[in-house]
Amino acid sequence: MNCKYGDHCCLYPGSFDPVTLGHLDIIRRAAATFDTVVVGVLHNPDKQGVFCVEQRVDMLERACAEIPNVKIIAWPGLLAQLTRDTGIRVVVRGVRNAADLDSETTMAHINGRLDPGLETLFLPASPERADVSASMVRQLASFGADISSYVPSQVLPDILAAFSKS
Ligand code: PNS
């Protein structure tokens, strides 16, 4: 089956609540490897969101504006349904440490079972980004700590505004 986004494309899925410099590092590196990177804002039932899906997509679009071969989409359902519907055959996930590798391996196996032939590729986080996570950013922001070295400058005002209200 041909892929809706072109043959040499990958899906980089996540909650992106909000996008961080860790995410951007993976997006840039995937964009240097694939013709098209589809960044998918998906729902993680284990996480309570701060930003709505439209805000997450908007922040990603601004953070990725300089990377021409990136497309941002939102998808409310199963990851494997998205890949089946679009014909995407490769999923990229970033791994920061052994705990990530453990949980990501399970997720890759489940997705591969739901959509046979789907490959998941792991990219190790760059060392300078290995401590960045969206949950850590949310926690620091909620205490008023400086998060400017963890998030793209284009979205910093959005995050500060969201947490100044809470
Ligand atoms: O950024 P996150 O929270 O680590 O991303 C996890 C995400 C959103 C990719 C994952 O929860 C997901 O794929 N959600 C869609 C629902 C689904 O397919 N679940 C089964 C995966 S095992």
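For ligands, and for the atoms within them, numbers begin at 1 and follow the listed sequence. The first residue of the sequence shown is numbered 1, and numbering continues consecutively from there. The figures that follow rest on heavy atoms only: side chains count, while hydrogens, waters and symmetry mates do not.
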* Asked: Is it true that D85 and K4 make a salt bridge, defined as a side-chain N closer than 4.0 Å to a carboxylate O?
  -> no
* To do: Output yes when R56 and D17 qualify as a salt bridge under the 4.0 Å nitrogen-oxygen rule, no when they do not.
  => yes
* Asked: Judged by atom type as modelled, is there a donor-acceptor pair below 3.5 Å linking the side chain of Q55 to the main-chain atoms of C52?
  -> yes
* Contact check: L79 vs ligand 1, nitrogen or oxygen atoms, below 3.5 angstrom -> yes
* Asked: Is D158 paired with R62 through a side-chain N to carboxylate O contact shorter than 4.0 Å?
  -> yes
* Structure fact -> Check: of H109, E104, Q81, H43, min heavy-atom distance to atom 14 (N) of ligand 1 comes from H43
* Can you tell me which residue and heavy atom of the protein come closest to atom 2 (P) of ligand 1, and the distance to 0.1 Å? -> S15 OG, 3.2 Å
* Give the atoms of ligand 1, by number and element, whose distance to some non-hydrogen atom of G77 is under 4.0 Å. => 15 (C), 16 (C)
* To do: If you have a sec, work out which protein heavy atom is nearest atom 9 (C) of ligand 1 and how many Å separate them, to one decimal?
  => R93 NH1, 3.7 Å
* To do: Let me know which of T83, V90, L11 forms a side chain to side chain contact (heavy atoms under 4.5 Å, CB included) with L118.
  => T83
* Option with minimal heavy-atom separation from atom 21 (C) of ligand 1, where the choices are M107, H23, R113 -> M107
* **Atom indices of ligand 1, in the order listed, that fall short of 4.0 Å to a heavy atom of K47** => 1 (O), 2 (P), 3 (O), 4 (O)
* Which protein non-hydrogen atom lies closest to atom 17 (C) of ligand 1, naming both residue and atom, and how far is it? -> L78 CD2, 3.5 Å
* Quick check: does any side chain N or O of H109 sit under 3.5 Å from a backbone N or O of T106, one acting as donor and the other as acceptor? -> no
